[in-house]
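These notes are about the structure you will find just below.
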Amino acid sequence: MIRKFEVEVVRTDKYVIEIDDEVINEKWMDDFSQVFYDFYKLEEHAKHIAQFRARFNNSRMDAGYIEGYGMPYLNGQKSIFEKNESMHQPAINIRVVSEDDDIEMDVTEI
């Protein structure tokens, strides 16, 4: 017999996303939106970068590669794992305020 479980996972991560608006400017965002997402405000980019960190790169020792952005800095440091300097994106820095290790889960058999 196949048993099914619905699992709700709740966690809270908090980041400060720093973006240099002299680099990530209107022209940059226009070029970005023609290939990736229709983001025209820095807030939209900050939200996307933060959710990417939370979903895919949480607890990594670097910020990881984010398509369209390259490798942002993490807490003011570029990745020590990426040797290709053109991959680094110093105009974006992810400051980790907190990454939740205490994950709440609710399991219900359905």
- By salt bridge (Lys or Arg N to Asp or Glu O under 4.0 Å) - contacts of Glu18 (at least two apart): Arg95
- Residues forming a salt bridge (Lys or Arg N to Asp or Glu O under 4.0 Å) with Asp13, sequence neighbours excluded: Arg11
Would a single hydrophobic cluster contain both [Y] and [X], if residues Ile, Leu, Val, Met, Phe, Trp and Tyr are joined by side-chain heavy-atom contacts under 4.5 Å?
X      : Y     : result
Val16  : Ile19 : no
Val10  : Val7  : no
Ile103 : Phe5  : yes
Met61  : Phe56 : no
Ile24  : Met87 : no

- Task: Search all heavy atoms of Ala63 against all heavy atoms of Asn57 and return the closest pair with its distance.
- Result: O-ND2, 2.8 Å
- Task: Considering non-hydrogen atoms only, spot the tightest contact between Phe32 and Phe39 and give its length.
- Result: CE2-CD1, 3.9 Å
Measure from the side-chain N and O atoms of [X] to the backbone N and O of [Y], and report whether any donor-acceptor pair falls under 3.5 Å.
X      : Y     : result
Asn25  : Trp28 : yes
Glu44  : Lys41 : yes
Asp100 : Thr12 : yes

Residues forming a side-chain contact (heavy atoms from CB on, under 4.5 Å) with [X], sequence neighbours excluded:
X     : result
Glu85 : Lys78, His88
Arg55 : Gln51
Ser33 : Asp30, Asp38, Tyr40

Contacts table for residues 65-77: side-chain donor-acceptor under 3.5 angstrom, sequence neighbours left out:
from: Tyr69; atom 1: OH; to: His45; atom 2: ND1; distance (Å): 2.7
from: Asn75; atom 1: OD1; to: Val96; atom 2: N; distance (Å): 2.9

- Query: Is the closest basic N to carboxylate O distance between Arg3 and Glu109 below 4.0 Å?
  - Reply: yes
- Is a salt bridge present between Lys14 and Glu99, judged by a nitrogen-to-oxygen distance below 4.0 Å? no
Using 0.5 Å steps for rounding, measure from the [atom1] atom of [X] to the [atom2] atom of [Y].
X     : Y      : atom1 : atom2 : answer
Ile17 : His48  : CD1   : NE2   : 11.0 Å
Asp20 : Ile92  : CG    : CD1   : 9.5 Å
Arg53 : Tyr15  : CZ    : OH    : 5.5 Å
Lys4  : Thr108 : NZ    : OG1   : 14.5 Å

- Task: Could you tell me whether Phe36 atom CZ has more than 12 heavy atoms of other residues or ligands within 6.0 Å of it?
- Result: yes
- Query: Would one find more than 12 heavy atoms of other residues, nucleotides or ligands at under 6.0 Å from atom CD1 of Ile110?
  - Reply: yes
- Going by heavy atoms in the side chains, are Leu42 and Asp21 under 4.5 Å from each other? yes
